[in-house]
Amino acid sequence: MDKFKVRFAPSPTGPFHIGGARSALFNWLLAKKEKGTFVLRIEDTDLARSTRESEENIKKALHWLGLSWDEGVDVGGENGPYRQSERLHLYEAVTKRLLEEGKAYHCYCSEEELEKERQAQMDKGETPRYNGHCRHLTAEQKEAYEKEGRKPVVRFHVPLNEVISFDDMVRGHVSFESNGVGDFVIVKSDGMPVYNYGVVIDDHDMEISHVIRAEEHLSNTPRQIALFKALRWEIPTFGHISLILGKDYKKMSKRHGATSVEQYKNLGYLPEAIVNFLALLGWAPEGEQELFTREELISAFSMDRVAKNPAVFDIDKLNWINFNYMKQLSSEELYNLCLPHLQEAGYAGETPSMEEKAKLMLMCETVKEHISYGAQIKNEVNMFFAEDITLDKGQEEEIAAVKGEESFMQVLEIFKDKLFSMEEVTVEKVKAAIKELMKETGLKGKFVYMPIRIALTGRMHGPDLNNIVVLLGKETCIKRLENPV
RNA sequence: GGCCCGUUGGUCAAGCGGUUAAGACACCGCCCUUUCACGGCGGUAUCGGGGGUUCGAUUCCCCCACGGGUCACCA
């Protein structure tokens, strides 16, 4: 195996999980770094759960993240097909060989029988594994079973008393006793290969040199290695990356909030930010840099700096990273990112006019420093659309203190008059008006800004006040200044 | 339960026998700002426990505890 070749092999059985995205990313980064090949293979042997729709979702998400594949479904390649359901004839040939060489055999045990055995072993504190019941059936016995209507599976005969070990790229030397493995099913009774079987044949056929996948596959590895050995195929190098955990240290699941790439996309996160964040989950660069362009990531990435321990998904950090990427957006890009969320909240029309777009763009720019991802704009911007504003619950005391100032109403009055006489409200004019107000009253700083801010927004925190006045418009401002909540 | 993997602040983490145990997020404080932020500066806070090995252990070994993964005709 002279070429560096990796693959991402998802099964299309649901939304594309963020953990899968990280596995794909690590493979992709390594392929780029080593100038190798990144393959996308679809493992759809689970007929009941696999859907074409899910496959499309995964591919869409991969494209959105910018993790394009050099070989695989859609793009083709020399070692196709790249969908397992289209490779059945290839598995059959290998099964035939294994059967002939006596390394695999038909098994007629029913699920009930196996379950009973498994329980018994568990109760005795033993490793549950197949007891070898069908390992040496005679032709007559087989026939009898067939007559009963039993459909056989094919089991792989795992050699006894062997130590199966390998050097994992992230975990180092790992070893298992072959006796603890037990003869496992490689072909289901419906003729479909089982995961542990399909991967081996595919990885071999596709000349995969390095298998980088999640840690949950670590204990599958001895089975796969046993198969590679039985087939006398070269064994790829494995690297098992740790899992992504939720705040409660349990594997990331729906309970922890958004778990699929699509959800993050819909919330208004940027693909570069997700890639950057995911790269930092379980991998640490040599220096102190936190924000990386794709190219920087490629050149900095290496498997020996991948952590062994699982990592908790920290949404705050993702938000911070996304915030940084949002800052780099042009007004137009920012607007495009936020528009769907403004529309969803009813703050923007289906196809905004030039005039409306200009206003919305100003709005996005105004609140840009207060939001970490697109969907958050709804909360920041509601003050511009709400009929009536309410006081910020968390700041009641502070707000009361401001309202208690004797100059409170005076400031509002004067500012209202100045607004009233303005023909056109612009940021410059508002600034000038406030300056005048300060001169006239002798008040300064927060003693003039805060009363106006609270009257206009009901909050002590928010975007720049001058912009708020312009975005709110003359009428609304005057109304709120006259009757502060 | 068996087997396997893991354990540095609240979180991501650097460290690879001798360090004042980096850095980032979050949090708090200060500065900047005639408001709010952004930004800048600073602060609080970490080696799971017990044995060894060693002149010296966060680092190496063993045991325990805890967390996770896996034991499917799912992947």
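So that the names make sense, note that chain A is the first sequence line, chain B the second, and so on, each numbered from 1.
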Residue A:K317, side-chain heavy atoms: nucleotide from B:rG15, B:rC25, B:rU11 that is nearest: B:rC25
Contact nearer the 5' end of RNA chain B, comparing A:G172 with A:L280: A:G172
Nearest-Å distance once atom C1' is located in both B:rC28 and B:rU70: 44 Å
Rounded distance in Å between the P positions of B:rG6 and B:rG42: 37 Å
Sub-4.5 Å side-chain heavy-atom contact between A:L25 and A:L65: no
Pairing partner (Watson-Crick or G-U wobble, both distances under 3.5 angstrom) of B:rC30: B:rG40
Paired nucleotide for B:rU19 [Watson-Crick or G-U wobble; both distances under 3.5 Å]: none
Sequence neighbours excluded, every pair satisfying ring-ring contact (aromatic ring centres under 6.0 Å, His included) that has a member inside residues 170-199 of chain A: A:F156-A:F184, A:Y195-A:H217
Side-chain donor-acceptor contact under 3.5 Å, A:E296 with A:Q289: yes
Would you mind classifying the nucleic acid contact of [X] as base, sugar-phosphate or nothing, using non-hydrogen atoms under 4.0 angstrom?
X: A:G282; result: sugar-phosphate
X: A:V448; result: nothing
X: A:R213; result: nothing

Contacts of type salt bridge (charged side-chain N to carboxylate O under 4.0 Å, His left out), residue A:R7, not counting sequence neighbours: A:D203
Letter per nucleotide, 5' to 3', of nucleotides 69-75 of chain B [B base touched, S only sugar-phosphate touched, - untouched; heavy atoms, 4.0 Å]: SSBSBBB
Per-nucleotide protein contact string for nucleotides 33-39 of chain B, where B marks a base within reach and S marks sugar-phosphate only (heavy atoms under 4.0 Å, - for neither): -BBBBSS
Results of side-chain hydrogen bond (donor to acceptor under 3.5 Å, both in side chains) for A:T221 - residues two or more places apart only: A:R213, A:H240
Polar side-chain atom of A:D183 near backbone of A:H157 as donor-acceptor pair, under 3.5 Å: no
For A:A104, side chain to side chain contact (heavy atoms under 4.5 Å, CB included) partners two or more places apart: A:L98, A:L99, A:V154, A:I186
Electrostatic pair A:E43:A:R83 at N-O distance under 4.0 angstrom: no
Lys/Arg-Asp/Glu bridge criterion (N-O < 4.0 Å) met for A:E113, A:K116: no
